[in-house]
Amino acid sequence: MKIVIVGGVAGGATAAARIRRNTEKAEIILFEKGDYISYANCGLPYYIGGVIEERERLFVQTPEAFGKRFNIDVRIPSEVTAIDRKQKEVTVRTADGKTYRESYDKLLLSPGASPVRPPLKGIDSEGIFTLRNVNDTDNIKQYVKDKAVHRAVIVGGGFIGLEMAENLVHAGIKVSVVEMADQVMGPIDYSMASLVHEHLQQKGIRLYLKQAVEAFERTSQGIAVRFQSGIQLQVDMVLLSIGVRAETRLASEAGLKLGEMKGIWVNEFLQTSDESVYAVGDAIEYPHPITGKSWLNFLAGPANRQARIVADNIVFGNQVKYEGSIGTSIAKVFDLTVASTGLPAKRLKQMNIAYLSSTTHSASHAGYYPGALQMAVKITYAPTDGKLYGAQIVGFDGVDKRIDEFALIIKQGGTVYDLTRLEHAYAPPFSSAKDPAAIAGYVAGNILSGKMTPLYWRELRDADLSQVSLIDVRTPDEFQLRAIKGAVNIPLDELRRHLDEIPRDKPVWVYCGVGLRGYLASNILKDNGFGEVRNLIGGIKTYTAAVAPVELPSEDEPHHPSPTERKGCTAAEKPATEVIKVNACGVQCPGPILKLKKSMETLQPGQCLEVSATDAGFPRDAEAWCRTTGNRFVDKTETNGIYRVRIEKTTVLSEKTTKPLE
């Protein structure tokens, strides 16, 4: 049997090796139009940024070594330009422009996807790049070196765009990200993306959300990037990360069936409309396991799984069925890890699928063990039986482990109750006795059973609060720092003594820091005869991030001082002994701010306090505390999920009114 494979990266190379492992009798020819096969496509941004120092480490196999080990005829650079299905032949064009025809018994298509380049004025100017292959990487790397790039614009705030933003910053470049949508990271919901917005801005990234690029113009100073809104940026380099489209030209011209999403149609055996032709990878579309509707999935993991399945089906006949992909993805965005699997709330809403959601905030491991870092977890599920639809996590440590657990439950058709039955390996350095995945399941179960009625951040933002009683059940210190406008502070531990002060003729909405105390308060209120009681999901932590506006950057470039550039506590240089350090890492709210307050009480005017915490909202709370007390907020830094603030104690200790959230 003679097998021809078109495309030699993830799907094609994997299938070729698997076919050879299945049989020594097949003749295998692998065509790749580029110069390389089986390379680490997902590692390209990190080579540009210098995280991966050696270019050779990007290559899993060279064409020569791969061909020799698996007895495969690897032909590079050779582009398959046409398929003659009747004659069972492909037309091949070599690097020197010559063409020839090659016959096949079975044909596997793995052409991948190509970057989107919209027809904008000036888009072909020097210094405008896409990133899809090794040649793109080499060109960008060389351009950065030769042109001494200092400023760059990334058009598109998806996974690759943000990975490139981080790596260009590592290369010493000031980066602006332009995104047409109101958020970065399209696969996750806005409330989760807002946490990413905050982190990007902390790292000095200039965010231009809800902005569309109109044109590019090469000038004597570099590249002028013009927005439809009239904004213009002058930069040295542009990276287009708008997205990719399935490479289906070859299949379409051969008369193979395309699906409703314009990808190559395949059946459950990954066989096209021609029984002799199979297809895998970015170019195919396949029904989503949850919705049953076709979709395009541009991820390396599913491509490799498809390749293994199709190799078995080509050699042994159609025996292995492909189960489909739910789209599990993860990205490193500076110190944050952002992950998603299944269907987010916005997609469920678009598809008119009824759902519920819940957001929880947990530590990566036991809070009392050093190094515990926060993660926000949002899950979506069916309101009837709790079938798990999707999960999103934004955090610093342990995100990959949890998103894989959620993905496993979703692919098995499981429910939120299965999350509570997962048996976790527990020791303080690795998890908590109640793991973040289990906590998400418990909260969802409480909502489904009616034990807790959720209040979502958009509902609170858009509500007429004169029609409800909004109760903040946090401590007075927390309430004084920051509260939601219109709220009344009744701390949880004092709630039972103040029930008579809460009107019973209108709904009662409660909130706390992350949702736990609000849940406990709602139980107290319900059991004491209050009717409609709702708890703010994710607490004020989620609400604050979600309602915070992402302002357009000012014309002046921001400067974020490095730890070595931080100014002292006063104009004069202070000796190190006068900087008192306090560790509040892993402490749940309101712990960090209470530690700050108690520590400041022991200081003399002029002394400086440095507090470390793992709560991303802590610097904001610390600034608010300084405003209310008159102490001087000196600076803030963040490294690997640890937030440090420095505050100078002053002689002014006046108490001011709370600054509410608008």
Side-chain angles (χ1 to χ4, degrees), residues 3-17 19 28-48 52 54-70 72-83 90-102 104 107-117 124 128-143 160 163-164 239-241 243-251 253-254 264 279-284 298-300 303-304 306-307:
I3 302 166
V4 167
I5 300 174
V6 180
V9 190
T14 299
I19 290 170
I28 307 171
I29 303 175
L30 176 64
F31 290 107
E32 169 55 46
K33 66 181 180 180
D35 296 319
Y36 310 96
I37 68 164
S38 193
Y39 58 84
N41 193 296
C42 298
L44 300 180
Y46 300 99
Y47 171 63
I48 292 173
I52 298 173
E54 299 174 19
R55 184 176 181 275
E56 291 71 24
R57 295 183 68 85
L58 295 173
F59 303 102
V60 180
Q61 286 274 12
T62 65
E64 296 77 18
F66 185 77
K68 183 177 181 180
R69 171 166 291 183
F70 294 103
I72 292 170
D73 185 356
V74 180
R75 302 183 189 178
I76 60 166
S78 298
E79 181 179 6
V80 174
T81 59
I83 303 170
V90 296
T91 301
V92 184
R93 182 172 59 220
T94 59
D96 58 7
K98 296 179 181 178
T99 63
Y100 65 93
R101 292 167 73 92
E102 190 73 51
Y104 66 84
L107 176 65
L108 172 60
L109 301 179
S110 182
S114 56
V116 173
R117 289 182 69 95
D124 294 322
I128 300 178
F129 300 93
T130 57
L131 178 61
R132 190 64 184 170
N133 54 43
V134 175
N135 288 334
D136 293 338
T137 305
D138 290 339
N139 291 336
I140 294 171
K141 188 94 170 175
Q142 194 63 43
Y143 187 87
I160 294 176
E163 287 175 344
M164 274 302 300
L239 179 74
L240 302 175
S241 183
V244 296
R245 59 168 58 95
E247 188 56 75
T248 59
R249 180 196 60 80
L250 194 62
E253 291 179 357
I264 301 173
V280 297
D282 293 349
I284 72 169
F298 305 114
L299 294 170
N304 279 277
Q306 294 158 15

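For clarity, every value in this text was computed on a predicted model and none was experimentally measured.
- In plain terms, the two heavy atoms of Gly8 and Glu32 that are nearest each other are N-OE1, 2.8 Å.
- Looking at Arg132, its side chain does come within 3.5 Å of a backbone N or O of Ala113 through a donor-acceptor pair.
- Between Tyr143 and Phe129, the ring planes are perpendicular. Angles over 60° get that label, and only those under 30° would be called parallel.
- The shortest side-chain heavy-atom distance between Thr81 and Thr99 does not fall under the 4.5 Å cut-off.
- Between the side chain of Gln306 and the backbone N or O of Gly281, at least one donor-acceptor pair lies under 3.5 Å.
- Legend: residues meeting ring-ring contact (aromatic ring centres under 6.0 Å, His included) with Tyr47, ordered by chain and number and at least two apart, are absent.
- The main-chain N or O of Ala251 is never found under 3.5 Å from a side-chain atom of Thr248 such that the two would form a donor-acceptor pair.
- Residues that satisfy the salt bridge (charged side-chain N to carboxylate O under 4.0 Å, His left out) test with Arg75, not counting sequence neighbours, are Asp73, Glu102.
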Start with the C-alpha distance between Phe70 and Ile28, add both sets of side-chain angles, then the distance that settles side chain to side chain contact (heavy atoms under 4.5 Å, CB included), and finish with yes or no. CA-CA 9 Å; Phe70 294 103; Ile28 307 171; over 6 Å; no
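- Identified under the salt bridge (Lys or Arg N to Asp or Glu O under 4.0 Å) test for residues 60-70, with sequence neighbours left out: none.
- Among Val4, Ile5, Ile3, Val80, the single residue meeting the side-chain contact (heavy atoms from CB on, under 4.5 Å) criterion with Leu107 is Val4.
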Checking Val74 against Ile37 for the side chain to side chain contact (heavy atoms under 4.5 Å, CB included) test, could you report, in this order, the C-alpha distance in whole Å, the side-chain angles of both residues, the deciding distance, and whether it holds? CA-CA 9 Å; Val74 180; Ile37 68 164; 4.2 Å; yes
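- Proximity of Thr137 to Arg55: side-chain heavy atoms (C-beta onward) are nowhere separated by under 4.5 Å.
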